[in-house]
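Working notes for the structure below.
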Amino acid sequence: MPVMEGSPCQTLKELEQYIVKDAPPTVYYVPDYITEAEESYLLQQVYKAPKPKWTQLSGRRLQNWGGLPHPKGMLVEKLPDWLLHYAKKISDLGVFAGKTANHVLVNEYNPGEGIMPHEDGPLYFPTVTTISLGSHTLLDFYHPVSTVQESVPQTEQSRYLLSLLVQPRSLLVLRDDMYTHFLHGIQGVAQDTLTDRVANLCVTGASPGDCLPRGTRVSLTIRHVPKVVRATLLLGKR
């Protein structure tokens, strides 16, 4: 592992300075949460994973670490050390209410790839944390489809709320309504044109009108799954 420098924040209280004030509750955006050396190390570990660890989906491919979340409980698998370090580091901030992250989804997006607007669902503790590697992306947020305004066309454009510019080496934390109420997605485009609807623009060094070509982005989505099943318990039932 590379030598770790001091982190921009160590506790939930220190994280407060990174709240994105122009977004609904609650978004924390920490630029340069990890160093370039850490980014390089993490990318090496991602691509050293055995080929069967990858799952190809439409618009991206992913690795699942920690187990497969399931309504009846996730069968726990130990995280590898290179992910365990960051799962613990982020958990120590207090974002999972004293619990430790036990699940990591590694997503790889090539330029032009994205993901449809979605919510992460009830299987996870209602906080999601993401470390980005390799390239930026623009994460878009949407109001859910309304059951009240049925006369109004429910298009992505009409439901669009705001975007966040997520840069390499940053940490993004979504809680409260930004996790439980709004949907999030990534447009399948090869470059992003920034507007004044990018809520964290003032801390990114970018400006409205900038066009940012995407590279290959790898994201580490680090979460806590509350309902788990241990293999020893299953074995004991046989």
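Residue indices begin at 1 and follow the sequence shown. Small disclaimer: the values here were computed from a predicted structure and weren't measured.
His184 and His118 share a side-chain donor-acceptor pair at under 3.5 Å. Residues Gln17 and Tyr28 have side chains that never bring a donor and an acceptor to within less than 3.5 angstrom of each other.
Residues Leu138 and Val198 are in side-chain contact: their nearest non-hydrogen atoms beyond the backbone lie under 4.5 Å apart. The closest side-chain heavy-atom distance from Leu139 to Leu172 is below 4.5 Å.
Salt bridge Arg60/Glu113: absent, no basic N to carboxylate O contact under 4.0 Å.
Considering all non-hydrogen atoms of both residues, Gly209 and Thr193 come closest at O-CG2, 4.3 Å. Of all heavy-atom pairs between Ser91 and Ala101, the closest is OG-N, 2.8 Å. Shortest non-hydrogen contact noted between Pro126 and Thr180 is CB-CG2, 4.1 Å.
Residues Ile222 and Ile34 fall within the same hydrophobic cluster, defined by Ile, Leu, Val, Met, Phe, Trp and Tyr side chains chained together at heavy-atom separations under 4.5 Å. Side-chain heavy atoms closer than 4.5 Å link hydrophobic residues (I, L, V, M, F, W, Y) into clusters, and following such links, possibly through other members, connects Leu84 to Leu220.
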Point to revise | CA sep, side-chain torsions, deciding dist, call: Ser132, Arg217, side chain to side chain donor-acceptor pair (under 3.5 Å) | key: CA-CA 7 Å; Ser132 291; Arg217 173 177 175 260; 2.9 Å; yes

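His103 and Tyr124 have tilted rings, their planes meeting at an angle from 30° to 60° on a 0 to 90° scale.
Each of Val218, Leu62, Ile115, Thr216 was evaluated against Tyr109; a single residue qualifies, Ile115, per the side-chain contact (heavy atoms from CB on, under 4.5 Å) test. Results of the side-chain contact (heavy atoms from CB on, under 4.5 Å) test with Ile90 over Val173, Thr127, Leu171 single out Leu171 as the only residue that passes.
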Return a table of donor-acceptor pairs under 3.5 angstrom between the side chains of residues 65-72 and protein atoms on other chains or two or more places apart.
residue: Trp65; atom: NE1; partner: Gln63; partner atom: OE1; Å: 2.9
residue: His70; atom: ND1; partner: Lys72; partner atom: N; Å: 3.0

